2 protein chains.
Amino acid sequence: MTSETGQTAPRPPDEAGCDGENGPRFAPITHFTLYERVYEELRKAIMAGRFASGDSLTIRGVAQQFGTSAMPVREALRRLATEGAVEVLANRTIRIPLMTKERLDELHTIRVALESEAARLAASRATEAELQAIESLNNDFIETSRASDVGKTLAANQRFHFAVYAAARAPTLLSLIGMLWLQAGPWLLQPLRRSRRQDGPRDYMGASFAHHLTLVQALRDRNGERAAEAIRSDIVDAAKHFLVDGEAPFDERSGSAA
Amino acid sequence: MTSETGQTAPRPPDEAGCDGENGPRFAPITHFTLYERVYEELRKAIMAGRFASGDSLTIRGVAQQFGTSAMPVREALRRLATEGAVEVLANRTIRIPLMTKERLDELHTIRVALESEAARLAASRATEAELQAIESLNNDFIETSRASDVGKTLAANQRFHFAVYAAARAPTLLSLIGMLWLQAGPWLLQPLRRSRRQDGPRDYMGASFAHHLTLVQALRDRNGERAAEAIRSDIVDAAKHFLVDGEAPFDERSGSAA
DNA sequence: GCCTCCGAACTGTGATCACAGATACGATAT
DNA sequence: ATATCGTATCTGTGATCACAGTTCGGAGGC
């Protein structure tokens, strides 16, 4: 829960060299606890769709894989449980929650409410540098859609969206949206995969491209209402392509983590 | 994270008595882990406004007060940190977050987005029994407003609101709203206290009563749009009465927990 | 008086262990 | 073949301890 500015290497010595009170300069070192590192690895695996609904994890199994004791894994899983990304059953099993149509609908309703608000705020608050980064990330998304690796497309879409929401400069809102994506985000893999097959939806990527472009232009125009509407449409259109009735969200099972 | 249906006493024996295979009947026993019980105690204390912004807690201090080891307290605090109710600083202090005007505005924006959606859903999903309970809780709220104990008014307001949101039958939405109330809810104590003083806002309680009544009637009429608007107005009007500029949200300091 | 240093105490974090509950499997009885 | 029981194993939970980082107070130097 500390800041996540990353770990930077010491800068090279100044040209003046190590002289007197102007000695070598070192950048601050940001330290992450084991708990934070375990949490981040699990979060990334969930977001990348490496777990399937119903997959179970055990504290000792994950700890063994990471080469840590159980404690940091417990704390990371407690946080993920609070975020709804994993659930602890009455028989004490820890698993990725099963998905139902009702739950997915609820998640999309909440996402529309929060992410459209974030887009509205981003339209007035994004800096020029942030707008350029958002545009660049959208180009990445379009580029990855031409290749065969759906995992890369999923990640590029996530990066694009979160760049927009980060530009809203609303930390609590961003945190809540992150929780929602932990629950619903991996499900984007399913229509992505099907759009790469002959029997998949043909208008899926095209609709997504259009909404993203509308969003980017709305941000450029500082038009919050149009930005919010673009996000709403993106979410609603994507949600039409989710199949929940007994069909697993991922074509290949990742297996249990332990 | 197990269900919280509470612990029920065994029912009295049937009139048939203990005969053969129809022996005495026992209700299921719901067991709570220590972590869950510690979490619930801390959550209730926060919601009741017993902590002030900036109050710090220590794991060992809280554990000593509860007579437990540090483990369940750690897990409870980890959950509360994920929910934004406490924060862990870089120097490892655990404290109730400081409040700023920007953060309070953000919380209210999010609350409007989510709670109005919950009210809209409740208007179509609440059962007759739930509507009656909501009305009864609103009467409780009005009754407590006539007494001098603002803590009771705060609690009654919370019970009323959460009965409405629970009737939406949207578990993820309810969980997110709970997190928001953990952060912003205690702040309702401030205008409540000031409304009991001669220099306090005179229209504060009156506006709240009116919005609650509008909400209840809208739920009765199954009018989601009007229900959402009543919640929105309730939140927005209450937010006008919050003072953040250096003024602590609570007139008396609760002190540190450890 | 101010600054610096050192030691003690406090604190969160991670490791380890014990305990109790849940599950799976094999053996036995019907 | 099915049901029951006992045992071993696994698992989350809670307790305890050690470690490393942080803070605070006192002593000494300038």
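Quick note on labels: first sequence line is chain A, next is B, and so on, each numbered from 1. Worth knowing before you read on, the calculation uses all heavy atoms, side chains too, and leaves out hydrogens, waters and symmetry mates. If you're wondering where the values come from, they're calculated on a predicted model, not measured in any experiment.
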query: Is the shortest side-chain N/O distance from Arg78(A) to OP1 or OP2 of dG12(D) below 4.0 Å?
result: no

- prompt: With sequence neighbours left out, what residues match Asp149(A) under side chain to side chain donor-acceptor pair (under 3.5 Å)?
  reply: none

statement: Reading nucleotides 17-25 of chain D from 5' to 3' and marking B where a protein heavy atom lies under 4.0 Å of the base, S where only the sugar-phosphate is that close, and - otherwise, the string is -B-BBSS--

- line: salt bridge (charged side-chain N to carboxylate O under 4.0 Å, His left out) filter on Arg103(A), not counting sequence neighbours, yields none

Sequence neighbours excluded - ring pair (Phe, Tyr, Trp, His ring centres under 6.0 Å) pairs with any residue from residues 73-92 of chain A: none

message: Quick check for you: among dG14(D), dA15(C), dG12(C), whose closest atom lies nearest to any side-chain atom of Thr58(B)?
response: dG12(C)

- request: Keeping to residues at least two apart or across chains, list the ring pair (Phe, Tyr, Trp, His ring centres under 6.0 Å) pairs with something in residues 54-110 of chain A.
  value: His108(A)-Phe242(A)

- request: Round to the nearest Å and state the distance from Leu34(B) atom CG to dC19(C) atom P.
  value: 16 Å

query: Roughly, in whole Å, what's the span from NE2 in His31(B) to C1' in dG12(D)?
result: 11 Å

task: Name the closest nucleotide to the Val88(A) side chain, picking from dT13(D), dG14(C), dG14(D).
output: dT13(D)

Collect all protein-nucleotide pairs involving nucleotides 4-6 of chain C in which both atoms are nitrogen or oxygen and the distance is under 3.5 Å.
none

task: Apply side chain to side chain contact (heavy atoms under 4.5 Å, CB included) to Ser116(B) and list each qualifying residue two or more places apart in sequence or on a separate chain.
output: Ala228(B), Arg232(B)

- prompt: Between Ser69(B) and dG14(D), is there a side-chain N or O to OP1/OP2 distance below 4.0 Å?
  reply: no

task: Could I get the full list of side chain to side chain contact (heavy atoms under 4.5 Å, CB included) partners for Arg159(B), not counting sequence neighbours?
output: Leu137(B), Ala155(B), Ala156(B)

task: Output yes when a side-chain donor or acceptor of Thr93(B) lies under 3.5 Å from a complementary backbone atom of Leu89(B), and no otherwise.
output: no

- prompt: After noting the C-alpha distance and the side-chain angles of Arg78(B) and Glu75(B), does the key distance pass the salt bridge (charged side-chain N to carboxylate O under 4.0 Å, His left out) rule?
  reply: CA-CA 5 Å; Arg78(B) 179 63 66 206; Glu75(B) 300 220 15; over 6 Å; no

message: Need to verify one output field. Residue with the more 5' nearest nucleotide on DNA chain C, Met71(A) or Ile59(B)?
response: Ile59(B)

For atom OH of Tyr39(A) and atom P of dT13(C), their distance in whole Å: 16 Å

statement: Rounded to whole Å, the CD-P distance (Glu75(A) to dT13(D)) equals 13 Å

Atom pairs and distances, donor-acceptor, side-chain atoms in residues 169-177 of chain B, under 3.5 Å, two or more places apart:
unit_1    : atom_1 : unit_2    : atom_2 : d
Arg169(B) : NH1    : Glu130(B) : OE2    : 3.2
Arg169(B) : NH2    : Arg125(B) : O      : 2.9
Arg169(B) : NH2    : Glu130(B) : OE1    : 2.8

message: Just the rounded figure in Å: distance from P of dT11(D) to CD1 of Ile94(A).
response: 10 Å

